[in-house]
Amino acid sequence: MSAHFGHQLDPRARQLLRTLIAQYIADGQPVGSRTLAKNSGLDVSPATIRNVMADLEELGLLAAPHTSAGRVPTAQGYRMFVDSLLELKPLDEPQIDALRRELPTQAPTQDLLNGVSSLLSEVTHFVGVVTVPKREEFPFRHIDFVAIGGNRVLVILVFADNEVQNRVIVTQHVYSPSELEQVSNFLNANYAGLRMSEIRERLKREMRETSARLHQLMVAAADVTSQAFPDQTNADMLIKGQVNLMGAQVAADMDSLRELFEAFQRKRDLLNLLENCSRAEGVRLFIGEESGFNPLGAYSLVTAPYGVDGRVLGVLGVIGPTRMAYQRVIPVVQATAQILSGALAAAS
């Protein structure tokens with residue numbers, strides 16, 4: 001749709017739209033024909049500019065607030081601005097290094113992700129969001145089992161990214177301490193460096209091909225690993241900087257802000273939207289209602305996936321008002337995803 005409009009507009013209309021949107025992003029005030037005449041660099045009269053603005057309004061790219069003679073961009077106007085009129089420059093190496101220095105790259109993954117959501121919020125002055133990968137997605141380095149009575153077992157797991165997790169599981173059979181030690185030795189010797197889903201698959205396959213004694217050990221290993229890692233359905237996300245939106249919105253928008261804050265509390269619907277973004281490569285941008293998610297109707301969402309070895313682990317992004325400085329926010333989101341991917345690859 002935006003590209004279609006882009007081809008329809010003559011160079012003068014494109015220049016006026018670009019100037020108007022840049023001005024509105026800078027100060028948040030409806031832009032009038034006099035301001036445009038002064039700032040557009042075009043030698044045209046205010047009357048001509050008013051005619052062009054009326055045409056742009058008819059195309060749905062601008063809107064006129066009731067209280068002002070000026071115009072403001074619509075979601076369609078912003079979309080065309082980003083797709084056709086904006087020159088995006090990736091961050092240069094010194095800027096990327098500056099971002100990298102702000103992150104605790106040697107820290108456990110949870111601390112790193114917290115750092116990323118805070119960094120996105122601090123750099124853009126909007127809301128930083130990061131989805132948390134499921135632990136299933138990380139290879140394990142070492143596993144221990146401790147019998148704690150009946151068929152309850154304490155599992156101590158050390159992951160490749162140095163995260164340590166303890167959990168109590170209930171196994172189908174009662175195992176002695178020596179049996180549990182055999183199982184942990186077997187898993188550590190044969191399966192370290194694999195993800196739990198890969199271990200389960202390999203155990204199933206190899207159980208069909210092994211001797212009776214080893215088969216028994218594998219059955220025990222399959223039992224404890226499936227209990228230690230049930231399929232995790234409670235995905236999570238980290239959100240930082242919600243309060244930044246309060247300064248960015250005018251009082252008339254407080255209802256939309258309240259709706260968005262409630263969505264932050266619930267998380268589930270926003271998580272679904274972000275997980276859908278993880279299926280696309282590179283940066284994605286939703287302006288206003290484009291996301292199909294009502295609480296974001298007055299906001300824009302910029303996302304990028306992050307991961308290791310070509311496998312997407314999650315999504316990070318920024319939520320801000322539709323009049324955000326896209327040329328600044330989009331490269332920051334893109335670079336932060338690359339930095340996070342690099343830090344996770346180095347840790348695993």
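Remember, predicted model here, so these are calculated numbers, not experimental data.
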Measure the CG-CZ distance between Asp55 and Arg50 for me, rounded to the nearest 0.5 Å.
13.5 Å
To the nearest 0.5 Å, what is the distance between OG (Ser278) and OH (Tyr306)?
10.0 Å
Keeping Thr124 on the side-chain end and Leu120 on the backbone end, is there a donor-acceptor pair under 3.5 Å?
yes
Heavy-atom distance under 4.5 Å between the side chains of Leu245 and Leu260, does that happen here?
yes
May I ask you to test the Leu16-Met53 pair for a side-chain heavy-atom distance under 4.5 Å?
no
Strictly by modelled atom types, are Arg202 and Asn190 linked by a side-chain donor-acceptor pair under 3.5 Å?
no
Mark yes or no for whether Lys267, through its side chain, and Met237, through its backbone, hold a donor-acceptor pair below 3.5 Å.
yes
With the 4.5 Å side-chain cut-off for hydrophobic clustering, are Val243 and Val127 part of the same group?
yes
Please determine whether residues Ile148 and Val224 belong to a single hydrophobic cluster, defined as Ile, Leu, Val, Met, Phe, Trp and Tyr linked transitively by side-chain heavy-atom distances below 4.5 Å.
no
Give a yes or no on whether Asp43 atom CG has more than 12 heavy-atom contacts from other residues, nucleotides or ligands under 6.0 Å away.
no
For the backbone of Leu85 and the side chain of Arg18, can you confirm whether one donor and one acceptor N or O come within less than 3.5 Å of each other?
yes
What's the separation between atom CG in Asn51 and atom OG in Ser45, rounded to the nearest 0.5 Å?
8.0 Å
Taking atom CZ of Arg34 as the centre, report whether more than 12 heavy atoms of other residues, nucleotides or ligands fall under 6.0 Å from it.
no
Any Lys/Arg nitrogen of Glu137 or Lys134 sitting under 4.0 Å from an Asp/Glu carboxylate oxygen of the other?
no
If we ignore hydrogens and angles and just use 3.5 Å, is the side chain of Glu198 paired with the main-chain N or O of Arg195 as donor and acceptor?
yes
Minimum heavy-atom separation for Gln327 and Leu88, please, with both atom names.
CA-CD2, 3.5 Å
Are the side chains of Tyr299 and Phe126 in contact, using a 4.5 Å heavy-atom criterion?
no
NZ/NE/NH1/NH2 to OD/OE distance under 4.0 Å, Arg101 and Asp97
no
Could you measure the distance from the CG atom of Leu61 to the CG atom of Leu9? Nearest 0.5 Å is fine.
6.0 Å
Are any of the side-chain heavy atoms of Val129 and Ser117 separated by less than 4.5 Å?
no
Minimal heavy-atom distance between Phe286 and Cys277, with the atoms involved, is CE1-SG, 3.5 Å
Could you give the distance from CG (Leu203) to CE (Met196), rounded to the nearest 0.5 Å?
10.0 Å
Tell me, do Leu113 and Pro133 make a side-chain contact under 4.5 Å, heavy atoms counted?
yes
Under a 3.5 Å distance rule, please check whether Glu122 uses its side chain to pair with a backbone N or O of Leu119 as donor and acceptor.
no
Heavy-atom donor-acceptor pair, Asp223 side chain to Val219 backbone, under 3.5 Å:
no
So Leu344 and Leu112, do their side chains get closer than 4.5 Å, heavy atoms only?
yes
Would Arg135 and Phe159 count as a cation-pi pair here, with the cationic atom under 6.0 angstrom from the ring centre and within 45° of the axis?
yes
If you count heavy atoms of other groups shown closer than 6.0 angstrom to CD of Glu181, is the number above 12?
no
Would you find a donor on one side and an acceptor on the other, under 3.5 Å apart, between the side chain of Ser341 and the backbone of Gly307?
yes
Polar contact flag, side-chain donor to acceptor under 3.5 angstrom, Asp236-Thr131:
no
Check for me, please, whether Val170 and Phe145 land in the same ILVMFWY cluster - side-chain distances under 4.5 Å, paths through other members count.
no
Is the distance from the ring center of Phe186 to that of Tyr191 below 6.0 Å?
yes
Residues Gln23 and Asn39: side-chain donor-acceptor under 3.5 angstrom:
yes
Quick one: does any side-chain atom of Asn114 pair with a main-chain N or O of Gln110 as donor and acceptor, under 3.5 Å?
yes
Minimum side-chain heavy-atom gap Leu301-Val318 below 4.5 Å:
no
Aromatic ring pairing Phe264/Phe261, orientation class (parallel under 30°, perpendicular over 60°, tilted between):
tilted
Side chains of Tyr24 and Leu62: does their closest heavy-atom pair fall under 4.5 Å?
no
All heavy atoms of Gly115 vs all of Pro104, minimum pair found to be CA-CD, 4.4 Å
Which atom names give the shortest non-hydrogen contact between Pro65 and Val72, and what distance separates them?
CG-CG1, 3.8 Å
Answer yes or no: does atom CZ of Arg311 have more than 12 heavy-atom neighbours from other residues, nucleotides or ligands under 6.0 Å?
yes
Heavy-atom donor-acceptor pair, Thr336 side chain to Val332 backbone, under 3.5 Å:
yes
Rounded to the nearest 0.5 Å, what separation is found between the CD1 atom of Ile287 and the CE atom of Met80?
11.5 Å
Donor-acceptor pair, side chain of Asn188 and main chain of Ile143, under 3.5 angstrom:
yes
